[in-house]
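Chain identifiers are assigned alphabetically (A, B, ...) following the order of the sequence lines, protein sequences preceding nucleic acid strands; residue numbering begins at 1 within each chain.
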Number of protein chains: 2
Amino acid sequence: MSGRFAPRSRRETRAVVLESLLRSGGAFRPLIARDAQLTEASISRILTELRGEDIIEEIRRPAPYVGGPTALVTLSKNIAIAGIELSNDRLSFGIGDLAGTIDYVERMPASPQLKQSEFERLFGNCLATMTQWTGKRGISIRQAALSIPGYSSANTNPIFTWDMKRLRAFLAEVLEGVPLSITNSVIAQAAFHRYSSTAAYPIEGDHLFLFVGHGVAGVVVNETAPIDTFSPFELGHMVIERNGHACRCGHKGCLEAYTSLKAVSKIIGIAESEVLHQGDGFIEALDLGDDIRTSLRERLFLLGLGLGNALNLHPVSSVVISGWPSLMPVGDRDAILEGLDESLLGGFDQDRLKLSFIAPSIGNDPQAALYYAAYCFVRGGGLEAKAEPQAALGENA
Amino acid sequence: MSGRFAPRSRRETRAVVLESLLRSGGAFRPLIARDAQLTEASISRILTELRGEDIIEEIRRPAPYVGGPTALVTLSKNIAIAGIELSNDRLSFGIGDLAGTIDYVERMPASPQLKQSEFERLFGNCLATMTQWTGKRGISIRQAALSIPGYSSANTNPIFTWDMKRLRAFLAEVLEGVPLSITNSVIAQAAFHRYSSTAAYPIEGDHLFLFVGHGVAGVVVNETAPIDTFSPFELGHMVIERNGHACRCGHKGCLEAYTSLKAVSKIIGIAESEVLHQGDGFIEALDLGDDIRTSLRERLFLLGLGLGNALNLHPVSSVVISGWPSLMPVGDRDAILEGLDESLLGGFDQDRLKLSFIAPSIGNDPQAALYYAAYCFVRGGGLEAKAEPQAALGENA
DNA sequence: CACAATAATTACACAGTGTAAATATCATGG
DNA sequence: CCATGATATTTACACTGTGTAATTATTGTG
């Protein structure tokens with residue numbers, strides 16, 4: 001009489017169990033059983049299997065009540081994964097384990113106008129250094145993930161207009177068989193913030209995660225859907241003001257032309273790279289002049305306007321915002337609400353829309369990509385890509 | 001060595017087989033086997049089961065080649081389903097079978113400003129008449145579907161601002177156990193046009209289906225996802241012109257204020273209800289004056305602008321448009337492209353975005369809802385809601 | 001009317017998981 | 001220190017769903 005209705009392949013079951021562990025950061029069996037909707041019997045079988053493959057560990061830790069479980073199940077620290085992040089000003093490589101530890105990081109400056117060939121060269125160099133590091137230690141990477149701003153499985157990227165087929169071919173070649181997932185930065189960010197056990201998150205339930213940085217991008221976090229199926233919402237090039245400011249995309253009046261990091265850093269008079277590297281309240285601490293504050297509020301208003309338009313298209317009842325707006329004083333953020341009030345159907349109403357802010361985690365790259373790599377490893381059940389006996393043709397479903 | 005990788009419950013397998021039949025309108029076994037990714041052996045078992053329950057029929061029809069299949073499998077004509085459609089000017093009830101035949105229709109005028117209590121009264125009356133009809137014939141409805149403009153599982157409806165919980169409670173009560181699915185009209189429309197075997201459809205693959213009527217709504221048709229998970233895109237209340245025309249929603253400059261049926265019928269000088277009831281090319285035939293044509297082109301431009309914004313948010317490579325724009329002369333429709341060119345990232349490019357038009361199927365209500373009811377019946381495997389032995393709690397996954 | 005070609009059915013094996021019985025572990029109290 | 005109660009963990013067995021392969025059916029052709 002379990003709560004499930006669809007049988008699962010072994011791979012799926014392993015994936016469900018491992019994903020539960022990734023989210024919780026470690027749990028006792030009864031909890032895993034509930035989370036994965038399996039009986040203790042099945043948990044027992046699966047864990048035995050996973051322990052044998054050194055994917056999980058059971059550390060002796062008796063629960064503090066009579067008859068309680070005796071061992072805490074955690075993801076193994078012996079599986080190496082790699083996260084690669086192309087943020088707008090640098091390319092970072094990292095190696096870590098499933099438990100969230102990062103053992104190796106290398107970061108190289110990368111221009112926001114990076115050409116594909118330059119990227120390939122840069123990537124090749126970093127990879128070589130990394131391979132040296134792993135080689136020396138006899139480590140083999142089980143899963144890698146690369147996050148790119150604007151990436152989508154469709155061939156359209158507003159930020160890097162590269163040939164995705166060529167990109168995938170290049171990566172497949174240089175990575176020599178290491179499984180690689182490519183994803184949109186905003187998905188990796190959202191997943192990391194929402195599901196990594198190390199971070200606090202302001203809300204639960206489906207919502208829009210919005211990141212305002214070089215671009216303006218969001219993703220609808222659907223709590224019941226797998227992260228790798230999330231589809232990004234590229235808000236930056238919504239035209240919110242006909243014949244408005246010129247945008248780098250060639251159009252006029254795009255949201256990005258008003259609210260990107262570049263646009264606001266110009267207003268503040270501080271280098272882009274400086275703004276996000278500061279902590280929460282940084283802008284408040286700056287004690288900006290009144291006209292600067294007013295300008296920023298105008299930009300936040302426009303952000304709200306565009307956000308409202310996006311929410312009209314695809315309604316959700318809460319939004320989490322990360323990026324420079326999160327660094328603004330609470331009072332100033334209200335300008336977003338005013339913008340929302342002009343576009344969101346029915347006007348802004350705090351009973352119908354909950355807005356939260358989280359500090360941007362800049363400087364932690366490639367933490368999000370690393371998390372995403374762990375997620376992908378776990379989603380595959382910790383099995384090689386084609387290890388499933390019945391799976392021959394069917395990756396396309 | 002099949003192409004599948006996930007085991008299925010009996011319910012799922014039945015659903016897959018039945019859905020294949022619904023889409024094809026009838027097929028020989030080898031085709032079903034390929035479509036459902038099952039062996040002939042499994043098809044045999046499933047069909048035997050379904051035939052026993054009178055959900056499918058096998059009519060003797062030898063394929064015209066040696067050793068070919070001998071019977072054509074079709075959905076049974078003995079399963080009664082009901083489709084209920086609330087278009088903006090009427091409420092229509094229909095009863096039909098899985099093969100697409102419609103046996104009963106009743107239509108009642110309904111104001112676009114219909115209040116919830118009025119709806120309940122109207123619905124009650126129509127239902128009573130329908131129940132009389134079914135009662136007289138000893139027919140019992142296996143699945144009903146109701147399509148409402150603007151409906152979403154969230155509690156926000158731009159068109160009818162009703163209490164959805166109350167609506168569901170009301171419907172559950174009056175329908176006395178008949179399973180009911182509620183969906184957004186645009187989903188039912190899209191599904192009907194795309195998948196019903198009776199209609200031709202201009203494209204294949206993922207795309208945006210856009211309907212421009214009283215409102216402006218779309219849905220991303222994801223060919224690999226189940227229809228009932230499609231999420232509607234309510235385009236109508238995107239603010240495309242700050243401080244523009246007043247919209248009925250209270251905001252200014254919404255797309256709907258420019259491109260809804262109401263807005264354009266005012267330009268043409270013909271009652272709303274007349275416009276869509278005409279066939280393709282109707283507007284061309286009208287021989288409108290030059291300034292009217294110009295105005296309409298302006299509206300199409302704005303539609304393109306809003307559409308471009310939506311596509312920036314969620315890129316797809318083709319769009320199918322239904323509604324009054326489909327009735328416009330081909331040359332005039334190009335105004336949409338001009339609008340797209342100003343908002344769609346990278347400008348409009350026919351290699352990257354394919355635009356198609358299909359005639360709006362007004363006057364066929366509740367055909368789309370009826371199709372959706374058939375879809376829901378089939379998706380449930382033709383089983384009672386809770387018949388699955390292992391399924392007790394788990395409808396929420 | 002036998003044959004070739006494919007369709008349709010059926011016996012059997014195997015994967016995955018639940019049930020329930022058997023066994024293990026721990027805190028507590030004598 | 002040991003029996004006890006409480007819960008955890010493992011294991012034997014049964015059941016579902018499906019593929020494989022052998023068997024039987026159907027049909028056009030020569």
> Parallel, tilted or perpendicular: which fits the ring planes of A:Y201 and A:F209, with parallel below 30° and perpendicular above 60°?
Replying inline: parallel

> Has B:T13 got a side-chain N or O lying under 4.0 Å from the OP1 or OP2 atom of D:dT18?
Replying inline: yes

>> Does a side-chain N or O of B:R29 approach OP1 or OP2 of C:dT9 to a distance below 4.0 Å, or not?
In response: yes

> Rounded to whole angstrom units, what separation is found between the CZ atom of B:F28 and the C1' atom of D:dT26?
Replying inline: 14 Å

> For A:R61 and A:F28, which heavy atoms make the closest approach, and how far apart are they?
Replying inline: O-CE2, 3.3 Å

> Among residues 40-53 of chain B, which contact DNA chain D at a heavy-atom distance under 4.0 Å?
Replying inline: B:A41, B:S42, B:R45

Measure all distances between protein nitrogen or oxygen atoms and nitrogen or oxygen atoms of nucleotides 4-7 of chain D, and list the pairs falling under 3.5 Å.
from, atom 1, to, atom 2, distance (Å)
D:dT7, O3', A:G67, O, 3.4

> So which heavy atom on B:K77 is nearest to which on B:A99, and how close?
Replying inline: CG-CB, 4.1 Å

> Going through the checks in order, is the side-chain contact (heavy atoms from CB on, under 4.5 Å) test met by A:E57 and A:L72?
Replying inline: CA-CA 8 Å; A:E57 286 168 8; A:L72 184 69; over 6 Å; no

> Rounded to whole angstrom units, what separation is found between the CD atom of A:Q37 and the P atom of C:dG16?
Replying inline: 19 Å

>> Looking at A:F377, I'd like to know if the NZ or CZ of A:R142 sits under 6.0 Å from its six-membered ring centre while staying within 45 degrees of the ring's axis.
In response: no

> For A:L38 and D:dT9, what is the distance between atoms CG and P respectively, to the nearest whole Å?
Replying inline: 14 Å

>> Output the rounded distance in Å from CD (B:E12) to C1' (C:dG16).
In response: 14 Å

> Between atom CD1 in B:I56 and atom P in C:dA8, what is the gap in whole Å?
Replying inline: 11 Å

>> On a heavy-atom basis, which atom in B:P226 and which in B:R379 lie closest, and how many Å separate them?
In response: CB-NH1, 3.8 Å

> Are A:R8 and C:dA15 close enough that a side-chain N or O sits under 4.0 Å from OP1 or OP2?
Replying inline: no

> Looking only at heavy atoms, what is the nearest atom pair of B:A190 and B:V221, with distance?
Replying inline: CB-CG2, 4.2 Å

> Between B:E58 (CD) and D:dA25 (P), how many Å, whole number?
Replying inline: 17 Å

> With a 4.5 Å limit on heavy-atom distance, are the side chains of B:V219 and B:N184 in contact?
Replying inline: no

>> Any salt bridge linking B:R45 with B:E40? Criterion: basic side-chain nitrogen under 4.0 Å from a carboxylate oxygen.
In response: no

> Any side-chain N or O of B:T39 less than 4.0 Å from the OP1 or OP2 oxygen of D:dT18?
Replying inline: no

> When the distance from CG of B:L31 to C1' of C:dT6 is rounded to whole Å, what number comes out?
Replying inline: 15 Å

